[in-house]
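Side chains included, hydrogens not; waters and symmetry mates left out as well; all remaining heavy atoms used. So that the names make sense, note that chain A is the first sequence line, chain B the second, and so on, each numbered from 1.
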Number of protein chains: 2
Amino acid sequence: MNPTIKDVAQRAGVSVGTVSRVLAKNKTVNEDIRVKVEATIEAIGYRPNILGRSLRLAKTDIIGLVVPDITNPFFAELAKHVEMLASAEGYSVLLANTHDDPEAEKQQIETLLGRLPAGLILVPVSNSLVDGLVAGTRTVTVDRPLSGHALVAVDNRQGGYLAADHLLSLGHRRLGYISGPGTTEVSSERREGFLRRLEAFRQTHAGDYVAPQIVEGHFDYRSGEELGKRLLMQPAATRPTAIATASDQQAIGLLRAAGDMGVRVPNDLSIVGFDDIPLASLVLPRLTTIRQPIDEMARLALDGVLGSHALEEEYKLQPVLMRRGSCAAPSGS
Amino acid sequence: MNPTIKDVAQRAGVSVGTVSRVLAKNKTVNEDIRVKVEATIEAIGYRPNILGRSLRLAKTDIIGLVVPDITNPFFAELAKHVEMLASAEGYSVLLANTHDDPEAEKQQIETLLGRLPAGLILVPVSNSLVDGLVAGTRTVTVDRPLSGHALVAVDNRQGGYLAADHLLSLGHRRLGYISGPGTTEVSSERREGFLRRLEAFRQTHAGDYVAPQIVEGHFDYRSGEELGKRLLMQPAATRPTAIATASDQQAIGLLRAAGDMGVRVPNDLSIVGFDDIPLASLVLPRLTTIRQPIDEMARLALDGVLGSHALEEEYKLQPVLMRRGSCAAPSGS
DNA sequence: TTGTCAATATGAAACGTTTCATCATCCCAC
DNA sequence: GTGGGATGATGAAACGTTTCATATTGACAA
């Protein structure tokens, strides 16, 4: 088997306690001995057994990361940043997928907690608190709130607001909105922000105001495509000249629907997405979208989980509008 | 703190050894006692401490998964399947990104090995063997080979062959090929397969044969776009009527380049990708591509790592051509 | 010389399991 | 009634650390 601290101690002619203190770096240890022990460690290729240490210290160097679906580019991006930052601090990341299933989520979180992680970063799918979640582990939720826990998220209302504002200022009046599942807070906040801006517009331009057409589905490509078709299937006179979506995936699905139906973007239809996933700037046309500063979110989440200070309740970040090629003034104007 | 096995033993009036045997399920234990112990466990909410167990057993329930970039849809898909299968077997997945950097890879693998994983699933970026990697942990590489280790991969030559075959049979003669980095085996195999089919064609249709135009870059979107532009910038008379790529990301980049330059797909240009990432069937037009059976690859990799049988050297899977909308007969015909 | 203090090494306990060699019961055959 | 198997519980050791109380040493002051 691998050499243990005992082997090092024996070979270096000191006690295991001393070796341990050498390992701990900051402890006071006689220089000569330190050198000898370090040489021995090098010589026999000793690597501390992390299990022994963790058992003794009753904590691990592991961060649990629970996401609905790692295949979703937004969460993949989150995972990448979390992993980068965590490994820079000597932590490893344990990945779990919930597939948007509350039952699976509960299961996953429970086995994760069983591994005594240093902290948990969670994108929750349900509001059902897992037993012991509150008590035990430092937990930060990302993107979606979970009562009783710190949340790192973008200001979704502001995001929806920006999308509507951009389209209105380009001159669009007949707007469509492709929403995410009505049950999720994220989704309703984005929609709310969108509607709030429209409402403000109505206050000042009552005559010019047109009620938006809203459809609702999932956050994924397919849903964007289907709902997009539904909105675009109308005669040109009533069909929206611009559509905002609750996710870039939806927006890309919508792009596809538009292409299928011969609706040109941005000439006949303007589109603004949400998230700014990497692909957003690679589709044709490049997608105008509301960017979530996901690197910043990862950093805050990890700081929250690893930091020793008390957890804030909410870290709301400001989304920003990325103007690209999928929006233009309506063709009539 | 959490209740320990000692608490259970004490409360149930038995020894810790007995509780342990109850936990082990398959051991012989008196029925009454079993019931009482289980009740006690339930009553005080005892959860075995996994660190104590792992230390004693000198092994963990953790699978290390090392990929170049979790943001790449292909690896995200791999991670999803590995995680699903692993968690069904009671294992958790530790995720590490190497960013295609050999130094980072070495670092990541070393800290991973320090955690004594039950096995390692690795998409290697370099051929430098990590010390102790061979000796210690059951390791399976995926997608790319690493000498001395089991490999799960698609038959890349066959994939390239299929792509060329499809394009030839549609009537294309002036072919282009966008390759991945020449240094990677995966990339050269795909290209090789492509060229082999062309060579066979030349044998039988020497007069009809045109040498393919080959460009080389990275596997990502951007590279596909740039290299695509380079190929398409030629006058229509010499420009390829069909291009195969080494990845779907490249193909999607190429799609974008074509769109930018007013080259219509599939009318003016046929495209066939490689991988069949989820997005492939969602772009417009839907991408004809060489599919890697990634779920199967994940299953084989996990079986290899967890199974007790000796590791095979190679599991080569057969890729399959997915005919979708990005290919058509050349417009002249 | 003795006492004191600082510096630093030591040994053992503790973390929570599993396992193995013992030990206690009980039942049955003779 | 005794011997001997089964059956099943027990106690202790072991896994590899860290830490804490204790021991050792040397220097220096009184």
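- With respect to the salt-bridge test (charged N to carboxylate O, under 4.0 angstrom), the residues K106(A) and E103(A) do not qualify.
- The nearest whole Å value for the distance from the CG atom in L55(A) to the C1' atom in dA13(C) is 13 Å.
- Between the CG atom of L116(B) and the C1' atom of dT17(D) there is a distance of 13 Å, given to the nearest Å.
- Side-chain atoms of N49(A) lie closest to dT17(D) of the nucleotides dC15(D), dT19(D), dT17(D).
- Side-chain atoms of Y46(A) lie closest to dT17(D) of the nucleotides dC15(C), dT17(C), dT17(D).
- Defined by atom type and a distance below 3.5 Å, a donor-acceptor pair is missing between the side-chain atoms of Q292(B) and E77(B).
- Here the P atom of nucleotide dT10(C) and the CD1 atom of I5(A) are 12 Å apart, to the nearest Å.
- Taking atom NZ of K59(B) as the reference point, atom C1' of dG16(D) lies 18 Å away to the nearest angstrom.
- A straight line from CG of L51(B) to P of dT17(D) spans 14 Å, rounded to a whole angstrom.
- We find that CG of L23(B) is positioned 15 Å from P of dG16(C), with the value rounded to whole Å.
- Both L57(B) and R53(A) lie near DNA chain D, and the one whose nearest nucleotide falls closer to the 5' end is L57(B).
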Evaluation steps, salt bridge (Lys or Arg N to Asp or Glu O under 4.0 Å), between K316(A) and E189(A):
CA-CA 13 Å; K316(A) 278 268 170 174; E189(A) 286 176 3; 3.8 Å; yes
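- The residues K36(B) and D32(B) are annotated as not salt-bridged, no charged nitrogen and carboxylate oxygen being separated by less than 4.0 angstrom.
- The salt bridge (charged side-chain N to carboxylate O under 4.0 Å, His left out) check on R47(A) picks up nothing, with sequence neighbours excluded.
- Separating the NZ atom of K6(A) from the C1' atom of dT10(C) is a distance of 15 Å, rounded to the nearest angstrom.
- In plain terms, the two heavy atoms of P73(A) and Q249(A) that are nearest each other are CD-NE2, 3.0 Å.
- Contact annotation for T4(B): backbone-only contact, meaning every heavy-atom pair under 4.0 Å involves sugar-phosphate atoms and none involves a base.
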Apply salt bridge (Lys or Arg N to Asp or Glu O under 4.0 Å) to D303(A) and R299(A), showing your working.
CA-CA 6 Å; D303(A) 279 2; R299(A) 199 182 59 71; 3.1 Å; yes
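- In this structure, R34(B) reaches neither bases nor backbone, as no heavy-atom distance under 4.0 Å exists between it and the strands shown.
- Between the CZ atom of R115(B) and the P atom of dG16(D) there is a distance of 18 Å, given to the nearest Å.
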Output one line per pair: protein atom, nucleotide atom from nucleotides 24-27 of chain D, and distance, for all N/O pairs under 3.5 Å.
none

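- Here the closest non-hydrogen pair linking G64(A) and P117(A) is N-CB, 4.1 Å.
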Contact list (N/O, under 3.5 angstrom) for nucleotides 5-11 of chain D vs protein:
residue, atom, partner, partner atom, Å
dG8(D), OP2, T28(B), OG1, 2.9
dA9(D), OP1, N30(B), N, 3.4
dA9(D), OP2, R21(B), NH2, 2.9
dA9(D), OP2, N30(B), N, 3.4
dT10(D), OP2, S15(B), N, 2.8
dT10(D), OP2, S15(B), OG, 3.3
dT10(D), OP2, T18(B), OG1, 2.9

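- S54(A) OG to R115(A) CZ: the interatomic distance, rounded to the nearest 0.5 Å, is 12.5 Å.
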